[in-house]
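Just so you know, residue 1 is the first one in the sequence shown, and it goes up from there. In listed order, ligands and their atoms are each counted from 1.
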Amino acid sequence: MAETFEKLNRLLERAAALQTAMVLFEWDNETLAPKGAALHTAKMIGSLSEQYMEIVTSAELADLIKTCRKEGGLTGLQEAVVRETEEEISRWKDIPVAEYRAFRELVSRATGIWAKAREENDFASFAPVLREIISCQKRFAACRAKEGQSLYDVMLGDYEKGFDTEILDDFFRELRENIVPLLREASERSQKIRTDFLSADYPVSAQERAARFLAEYVGFSFDRGVLSVSAHPFTTNLHNHDVRITTHYGKRIDSSVFSVIHEAGHALYELGIRDDLTQTPVGQGASMGMHECQSRFYENIIGRSRAFWEPIYGKIGEIFGEPLASTPLDDFMAAVNRAVPGLIRTEADELSYGLHILVRYEIEKMLIGGELDVDHLPEVWNGKYREYLGICPESDSQGVLQDIHWSQGSFGYFPSYALGSAFGAQIYYHMKEEIPVEDLLREGKLGDIREYLRDRIHQYGKLKDSRAILRDVTGEDFSPRYYIRYLKEKYGA
Ligand code: ZN
């Protein structure tokens with residue numbers, strides 16, 4: 001057995017090396033690479049990705065897995081490595097290679113077409129390529145669907161194992177019934193809150209200093225991580241000793257402040273994964289949703305709490321200078337917790353965010369289920385924004401064209417954002433029963449909170465899926481009621 005697993009390991013190491021190289025190229029593309037490099041670099045990425053596919057779909061890998069299973073006697077970690085590898089193989093094995101390559105090309109063309117369409121507010125120019133992407137993704141999902149499984153459920157499973165439309169329909173119904181009226185009330189109160197001190201021409205150098213300070217304050221390690229700048233903030237990791245986050249600096253300081261805390265939350269997850277797991281197929285966060293759970297926990301649940309800011313608000317005021325320095329903490333807290341429905345998902349407040357995801361979930365379900373044609377997308381989109389958020393985009397650029405995801409073929413991805421917030425609330429209420437979260441925040445002892453999350457979640461990587469983590473940490477399966485309770489306690493009158 002040991003010998004077979006050793007052989008498997010060596011092959012997986014080659015796959016991991018290729019993946020790491022791709023990740024590094026992608027990081028470089030978004031941060032440092034010159035603009036003109038993209039096309040040429042895409043060739044290298046294409047070749048690396050083909051080599052990766054060759055390993056994953058090879059007879060050698062399939063045989064090794066089979067032998068491992070037959071010989072048995074796997075340790076817990078080995079068992080998980082074999083399981084993750086089997087899942088990766090089944091993700092690719094039935095998809096015709098030529099068709100997949102054509103799809104990659106289609107997608108790289110589509111993101112360009114989408115960007116131009118968004119800039120020129122021209123949905124019609126994006127519609128044909130979007131239709132093509134949807135039909136490819138449906139074909140791929142059909143190759144992999146188990147008997148009786150819907151195509152959208154196949155896609156959802158890629159991002160959140162153990163979640164399907166049955167669970168999500170209930171979850172989003174709860175959100176719709178509770179958040180829509182709550183947002184209406186909260187938004188009325190929020191109109192009076194002043195925010196002028198958040199956008200007062202603070203120099204980028206001050207924003208940079210604050211970003212580094214906050215990343216370090218929540219526990220991001222600059223010995224094992226990098227902070228850089230990109231158009232859209234993101235986190236990427238090569239292994240648990242090299243985790244990279246980005247942010248952006250704009251007019252409003254709350255945008256960079258909270259995006260740094262958010263990305264640092266992602267990074268802490270990857271940095272907390274055990275040494276014996278990193279660089280193996282289980283050496284990453286459990287799922288998209290569990291990742292968003294960590295980032296949103298830091299950004300919103302603790303990052304927007306008064307207790308978090310009490311020990312550091314003076315220091316932050318010093319870094320930014322006037323007018324923030326003389327703004328009372330209560331005014332700052334009110335400003336960063338305003339809830340006002342807006343058109344753009346990435347700028348949404350904590351309360352209305354879930355409704356942006358609700359719109360996308362309902363639309364994706366219809367698109368993949370064949371109940372909605374791409375041509376009618378803008379009117380359906382606008383109708384749902386009117387119904388749930390009480391506002392309507394004046395242009396498709398501000399509406400259906402705002403997100404890159406569909407142009408990349410990512411269907412089933414959006415729900416993870418909302419699930420992450422809900423996981424976070426469920427874990428938070430349980431955490432409060434075990435450790436004095438507010439007192440720790442007030443005393444600046446974020447290490448205790450980080451340890452809690454590392455012990456119970458981070459260290460395990462993909463050894464457990466998100467539902468198993470929730471069960472082990474909170475003693476119950478996923479339940480949306482904590483999220484609703486959290487939002488009601490925070491935003492209710
Ligand atoms: Zn995130």
In short, Glu350 meets Leu487 closest at the heavy-atom pair O-CD2, 4.4 Å
task = Specify whether Tyr159 and Tyr413 have parallel, tilted or perpendicular ring planes, treating 30° as the upper limit for parallel and 60° as the lower limit for perpendicular.
result = tilted
Taking Gly424's backbone N and O only, do any of them form a donor-acceptor pair with Tyr486's side chain (distance below 3.5 Å, no angle check)? no
Residues at least two apart in sequence or cross-chain that pass salt bridge (charged side-chain N to carboxylate O under 4.0 Å, His left out) with Glu160, listed by chain then number, are none
query: Between Tyr385 and Gln398, do the side chains contain an N or O donor and an N or O acceptor separated by less than 3.5 Å?
result: no
Listed as residue and atom, the protein N/O/S atoms under 2.8 Å from the Zn ion (ligand 1) are His262 NE2, His266 NE2, Glu292 OE2
Arg296 NZ/CZ over Tyr353 ring centroid, <6.0 Å and within 45° of normal:
yes
